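See below for the structure under consideration.
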2 protein chains.
Amino acid sequence: MSDLENVSLKLEALGYRVTPSRRAVIAAVLQQSDHFSVDDVLHRCRGAGRATVFRTIRLLTDLGVVCRLLLADGSLHYRVSQRGHHHHLVCTACGTVRDLDQCAISDLMRELSDAYGYEIEGHWLELYGRCSACRSAVAAEAR
Amino acid sequence: MSDLENVSLKLEALGYRVTPSRRAVIAAVLQQSDHFSVDDVLHRCRGAGRATVFRTIRLLTDLGVVCRLLLADGSLHYRVSQRGHHHHLVCTACGTVRDLDQCAISDLMRELSDAYGYEIEGHWLELYGRCSACRSAVAAEAR
DNA sequence: TGTCTCGTTGAGACCAAGTATCATGTCTGA
DNA sequence: TCAGACATGATACTTGGTCTCAACGAGACA
């Protein structure tokens, strides 16, 4: 079963209609190999209106099909999400993103919860750096 | 020496002029007991123009006098910063913010750096939850 | 078949946050 | 005194997103 059908079934199961516009947006989103902005999706499905694209992406975010990604410059992008809660490691040079295998700070949250008396409900963590490929490219140039 | 003078000296040391508009913005920022938006500052110093307020707050951010704070709803606020790099614990009920004493994930970053071959340059971490006061208020109501 | 309901649509107005531009004012150092 | 740099406020613009609204269309039901 394709990803598109998978997502369509998810939507239908929750009582949402799978309209041609929604299919177009979902297909455009699933085509993206890396992270993307709403604008990228808008360009890929000219037929669908701005509002529809925003609505559908929000829907996909709520469903966990895509996740939000805060870039180092503060702009908000999206990314197809293969798993549940996780974090990102963003290369500031080439822009590629790696998902971290699991939420790396659950222990930390327990600690903080005890130390400060907070009941921690959520968090936002993004890490920025240079991937090994970009580092070796820079090293090669320097030589 | 007051905080205002302190910041003024910092600015002057870096070659910036301390103009009446800048003083007004800095004073308005320092008056804020908790986090604030640019709009809050705009309301407090009517004399200064929008652009000047934005410019001055960016300057203060670069100087480390204020830090940026991402709220749970995604909106960007600012907060007077008493220390260097640190993170925030935001109460989603009453909105108060606690600074974490130190960067809590430096160990984690080393681990990830080794595991993924990234040279980690920066990160963004915000934690959201309910403070002990809000939790006990809810508990009292439930009784 | 007709019609009613309700989710969905696209267009476009609107909003908030921030930046760019520009004429003008002010400071500073020669 | 004067030129040049810095800073200003007003305002237009950009970006990213939401709201509104009339129209559409699928499904339920008589």
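Residue numbering restarts at 1 for every chain, and letters A, B, ... go by the order of the sequence lines. The figures that follow rest on heavy atoms only: side chains count, while hydrogens, waters and symmetry mates do not. No experiment lies behind these values; they were computed from the predicted model shown.
Residues of residues 19-33 of chain B that place a heavy atom closer than 4.0 Å to DNA chain D, in numerical order, are B:T19, B:S21, B:R22.
A search for side chain to side chain donor-acceptor pair (under 3.5 Å) contacts involving B:R68 returns nothing, not counting sequence neighbours. Applying the side chain to side chain donor-acceptor pair (under 3.5 Å) test to B:D39 and every residue at least two apart in sequence or in another chain returns nothing.
With rounding to whole Å, B:E12 atom CD is found 14 Å from D:dA7 atom C1'. For the pair B:H77 NE2 and C:dA16 C1', the computed distance is 11 Å after rounding to whole Å. In this entry the distance linking CG of A:D73 with P of C:dT19 reads 11 Å, nearest Å. Separating the CG atom of B:L11 from the P atom of D:dT8 is a distance of 10 Å, rounded to the nearest angstrom. Between the P atom of C:dA17 and the CZ atom of B:F36 lies a distance of 14 Å, rounded to the nearest Å.
The structure places NE2 of A:H86 at 3.5 Å from CG of A:D99, a figure rounded to the nearest 0.5 Å. Note that OH of A:Y118 and CG of A:L112 are 11.0 Å apart. Values are rounded to the nearest 0.5 Å.
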Fill in: Annotated protein contacts, base or backbone, on nucleotides 15-25 of chain D with a non-hydrogen cut-off under 4.0 Å, one of B, S, - each
-BBBBB----B
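Of all heavy-atom pairs spanning A:D34 and A:G95, the tightest one is OD2-O, 3.7 Å.
You'll find the side chain of A:D3 stays beyond 4.5 Å of the side chain of A:V80, heavy atoms only.
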Could you pull out every donor-acceptor pair under 3.5 Å between side chains of residues 12-23 of chain B and any protein atom, sequence neighbours left out?
{"residue": "B:T19", "atom": "OG1", "partner": "B:R22", "partner atom": "N", "Å": "3.2"}
{"residue": "B:R22", "atom": "NH1", "partner": "B:R17", "partner atom": "O", "Å": "2.8"}

Identify each donor-acceptor pair in which a side-chain atom of residues 121-135 of chain A lies under 3.5 Å from a protein atom, sequence neighbours left out, and give them as a table.
{"residue": "A:E121", "atom": "OE1", "partner": "B:T92", "partner atom": "OG1", "Å": "2.9"}
{"residue": "A:E121", "atom": "OE2", "partner": "B:R130", "partner atom": "NE", "Å": "3.0"}
{"residue": "A:H123", "atom": "NE2", "partner": "A:H85", "partner atom": "NE2", "Å": "3.0"}
{"residue": "A:H123", "atom": "NE2", "partner": "A:H87", "partner atom": "NE2", "Å": "3.1"}
{"residue": "A:E126", "atom": "OE1", "partner": "A:H88", "partner atom": "ND1", "Å": "3.3"}
{"residue": "A:E126", "atom": "OE2", "partner": "A:L70", "partner atom": "N", "Å": "3.1"}
{"residue": "A:Y128", "atom": "OH", "partner": "A:L70", "partner atom": "O", "Å": "2.5"}
{"residue": "A:R130", "atom": "NE", "partner": "B:E121", "partner atom": "OE2", "Å": "3.0"}
{"residue": "A:R135", "atom": "NH1", "partner": "B:G117", "partner atom": "O", "Å": "2.9"}

